[in-house]
Novice: 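Structure provided below as structure tokens; questions to follow.
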There are 2 protein chains.
Amino acid sequence: MNIGTASEKSGLPPKTIRYYEEIGLLKADRAGNGYRDYSMTDVHRLRFLQRSRSLGFSVEECRQLLSLYGDKKRESADVKAIAQIKVAEIDRKIAELASLRDMLSHLIDHCNGDERPDCPIIDGLAGSATVQ
Amino acid sequence: MNIGTASEKSGLPPKTIRYYEEIGLLKADRAGNGYRDYSMTDVHRLRFLQRSRSLGFSVEECRQLLSLYGDKKRESADVKAIAQIKVAEIDRKIAELASLRDMLSHLIDHCNGDERPDCPIIDGLAGSATVQ
DNA sequence: GATAATCCTTCCAGTTGCTGGAAGGTCAAG
DNA sequence: CTTGACCTTCCAGCAACTGGAAGGATTATC
């Protein structure tokens with residue numbers, strides 16, 4: 001499929017897909033006319049990139065995560081170790097998102113009577129402030 | 001407190017804190033010697049910025065979220081509406097992180113016998129591919 | 001078959017969000 | 001009173017896109 005279709009299916013703009021190719025994240029086949037040609041596997045990888053980028057992982061982290069699956073030469077123990085670190089990181093991110101969510105929910109609940117609390121950011125974040 | 005202390009307490013590098021001031025996200029008081037002077041409220045806001053940035057929210061989104069609390073002139077109904085949109089977005093992010101987590105857990109579990117599955121990215125992400 | 005619209009290509013410049021380093025002022029410890 | 005760890009501003013560079021120009025390919029319409 002062409003880049004436009006891959007873009008629709010993955011949620012990434014064509015510009016970004018070309019950029020990812022440029023930096024070696026995902027190389028595409030070429031059709032006879034010079035157009036990039038994407039498979040469904042490519043689309044899944046692009047979708048994976050779209051997701052993990054939007055969740056705050058760097059391009060280098062995404063490259064590492066993609067290579068966990070793609071690199072046949074890599075030791076399984078190695079893969080396992082890296083994956084475990086990332087799972088811990090994801091758990092932390094989930095906890096932080098839950099905390100942000102609670103903070104906003106609190107704001108929503110206390111907006112009913114047109115009386116906004118003065119500083120819920122302090123209440124909402126005091127629990128995990130002062131971390132390294 | 002000085003910027004170094006605020007940096008430690010918030011988890012943001014001093015450079016980043018100065019940058020946020022430059023773009024008008026958070027203005028600090030100045031001590032007699034010209035040093036920036038931060039209150040605990042400032043630290044909470046910085047910590048909030050550190051968090052939401054690392055979770056994939058843009059600086060403009062963070063500015064909007066901060067203003068939900070800070071802007072006294074804003075209608076409460078307005079604040080509530082924006083907060084609700086953001087809560088929905090956070091829920092989506094949590095679900096996506098959970099899905100990434102499952103994907104990596106699956107990889108970890110199937111690494112024991114040095115037999116790595118060929119393409120778990122497809123299994124792990126097929127559920128939510130093909131979204132606009 | 002010509003033409004127009006809509007793709008696709010590359011290339012280069014601009015934006016966002018930091019990040020490093022230089023040059024110099026301030027402050028607390030010995 | 002000097003040494004070292006702060007702080008200041010300014011300017012340059014990097015990461016990760018994003019927009020636009022110039023031109024070729026494909027598809028749709030006349």
Side-chain angles (χ1 to χ4, degrees), chain A residues 1-39 42-43 45-67 86 89 93 96 100 132, chain B residues 1-40 42-43 45-67 89 93 96 100 132:
Chain A
M1 78 191 72
N2 285 348
I3 199 168
T5 312
S7 166
E8 272 171 52
K9 286 186 189 291
S10 67
L12 284 172
K15 284 263 176 186
T16 305
I17 298 177
R18 289 192 199 101
Y19 172 71
Y20 286 165
E21 181 169 333
E22 193 187 319
I23 62 171
L25 261 191
L26 188 106
K27 58 183 184 323
D29 285 348
R30 294 291 176 133
N33 54 13
Y35 287 15
R36 286 171 182 83
D37 184 28
Y38 295 91
S39 67
D42 291 331
V43 168
R45 282 165 183 262
L46 289 170
R47 175 88 194 137
F48 170 80
L49 287 169
Q50 187 281 322
R51 259 198 191 183
S52 35
R53 286 293 296 126
S54 83
L55 294 167
F57 290 99
S58 74
V59 164
E60 284 318 304
E61 286 176 305
C62 292
R63 191 192 301 273
Q64 192 181 34
L65 285 168
L66 271 184
S67 81
K86 289 297 168 192
E89 206 170 315
K93 278 177 189 278
E96 293 193 343
L100 280 185
Q132 24 58 350
Chain B
M1 80 190 74
N2 284 347
I3 199 168
T5 312
S7 166
E8 272 171 51
K9 285 185 189 293
S10 68
L12 285 171
K15 284 264 177 186
T16 305
I17 297 176
R18 290 193 197 99
Y19 171 71
Y20 287 165
E21 181 169 334
E22 193 186 319
I23 62 171
L25 261 192
L26 188 105
K27 60 183 183 322
D29 286 347
R30 293 292 174 131
N33 54 12
Y35 286 17
R36 287 171 182 83
D37 184 28
Y38 295 91
S39 67
M40 277 314 287
D42 292 330
V43 169
R45 282 165 183 263
L46 289 170
R47 174 87 193 138
F48 168 81
L49 287 169
Q50 188 281 322
R51 258 196 194 185
S52 34
R53 285 292 297 126
S54 83
L55 294 167
F57 290 98
S58 74
V59 164
E60 284 318 305
E61 287 177 303
C62 292
R63 191 191 301 274
Q64 192 181 32
L65 285 168
L66 271 184
S67 81
E89 206 171 315
K93 278 176 188 279
E96 292 193 344
L100 281 185
Q132 27 45 0

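We name chains A, B, ... by the order of the sequence lines, and we start the count at 1 in each one.
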Novice: Round to the nearest Å and state the distance from A:Met1 atom CE to C:dC7 atom C1'.
Specialist: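 In whole Å, C:dC7 C1' and A:Met1 CE are 16 Å from each other.
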
Novice: With respect to the side chain of A:Arg30, which nucleotide from C:dT26, D:dT26, C:dT10 is positioned closest?
Specialist: C:dT10

Novice: Any side-chain N or O of A:Asn33 under 4.0 Å from OP1/OP2 of C:dT9?
Specialist: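 No, A:Asn33 has no side-chain N/O under 4.0 Å of OP1/OP2 on C:dT9.
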
Novice: Measuring to OP1 and OP2 of D:dT9, would you say a side-chain N or O of B:Arg36 lies under 4.0 angstrom away?
Specialist: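 For B:Arg36, the contact criterion (side-chain N or O under 4.0 Å from OP1 or OP2 of D:dT9) is met.
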
Novice: Please state how far atom CG in A:Asp29 lies from atom P in C:dC8, giving the value in whole angstrom units.
Specialist: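 Value for this atom pair: 16 Å.
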
Novice: Without decimals, in angstroms, what is the distance between A:Arg18 CZ and C:dT10 P?
Specialist: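 One finds 7 Å between P of C:dT10 and CZ of A:Arg18, rounded.
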
Novice: Got a salt bridge between A:Arg63 and A:Glu60, using NZ or NE/NH1/NH2 to carboxylate O under 4.0 Å?
Specialist: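 Salt bridge present between A:Arg63 and A:Glu60.
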
Novice: Just by modelled atom types, is the A:Arg30 backbone N or O under 3.5 Å from a matching donor or acceptor in the A:Asp37 side chain?
Specialist: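 No; judged by distance alone, with no hydrogens or angles, the pair does not exist.
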
Novice: Can you give me the N/O atom pairs linking the protein to nucleotides 17-20 of chain C at distances under 3.5 Å, or say none if there are none?
Specialist:
| unit_1 | atom_1 | unit_2 | atom_2 | d |
| --- | --- | --- | --- | --- |
| C:dG17 | OP1 | B:Val59 | N | 3.4 |
| C:dG17 | O3' | B:Arg53 | NH2 | 3.2 |
| C:dC18 | OP2 | B:Tyr20 | OH | 2.7 |
| C:dC18 | OP2 | B:Arg53 | NE | 2.8 |
| C:dT19 | OP2 | B:Thr16 | OG1 | 3.3 |
| C:dG20 | N7 | B:Lys15 | NZ | 2.9 |
| C:dG20 | O6 | B:Lys15 | NZ | 3.0 |

Novice: Whole-Å distance between D:dT18 C1' and A:Glu21 CD?
Specialist: 17 Å

Novice: Could you tell me whether A:Glu21 and A:Arg18 have a side-chain N and a carboxylate O separated by less than 4.0 Å?
Specialist: no

Novice: Roughly how many Å is it from CD1 in A:Ile17 to P in C:dT10, rounded to a whole number?
Specialist: 13 Å

Novice: What is the distance from CZ of A:Phe57 to C1' of D:dA15, rounded to the nearest Å?
Specialist: 18 Å

Novice: Could A:Lys86 and A:Glu89 be called an ion pair, given the rule that one side-chain N must be under 4.0 Å from one carboxylate O?
Specialist: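 So A:Lys86 pairs with A:Glu89 through a salt bridge.
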
Novice: Could you point out which residue of A:Cys62, A:Ser10, A:Ser54 forms a side-chain contact (heavy atoms from CB on, under 4.5 Å) with A:Leu49?
Specialist: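 Exactly one candidate clears the test, A:Cys62.
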
Novice: Going through the distances and angles, do A:Ser39 and A:Asp42 end up as a side-chain hydrogen bond (donor to acceptor under 3.5 Å, both in side chains)?
Specialist: CA-CA 5 Å; A:Ser39 67; A:Asp42 291 331; 3.2 Å; yes

Novice: Mind calculating the distance between OH (B:Tyr38) and C1' (D:dC6) to the nearest angstrom?
Specialist: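 Interatomic distance, OH of B:Tyr38 to C1' of D:dC6: 14 Å.
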
Novice: B:Glu22 CD to D:dT9 C1': how many Å, rounded?
Specialist: 10 Å

Novice: Minimum heavy-atom separation for B:Glu61 and B:Gly56, please, with both atom names.
Specialist: OE1-O, 4.2 Å

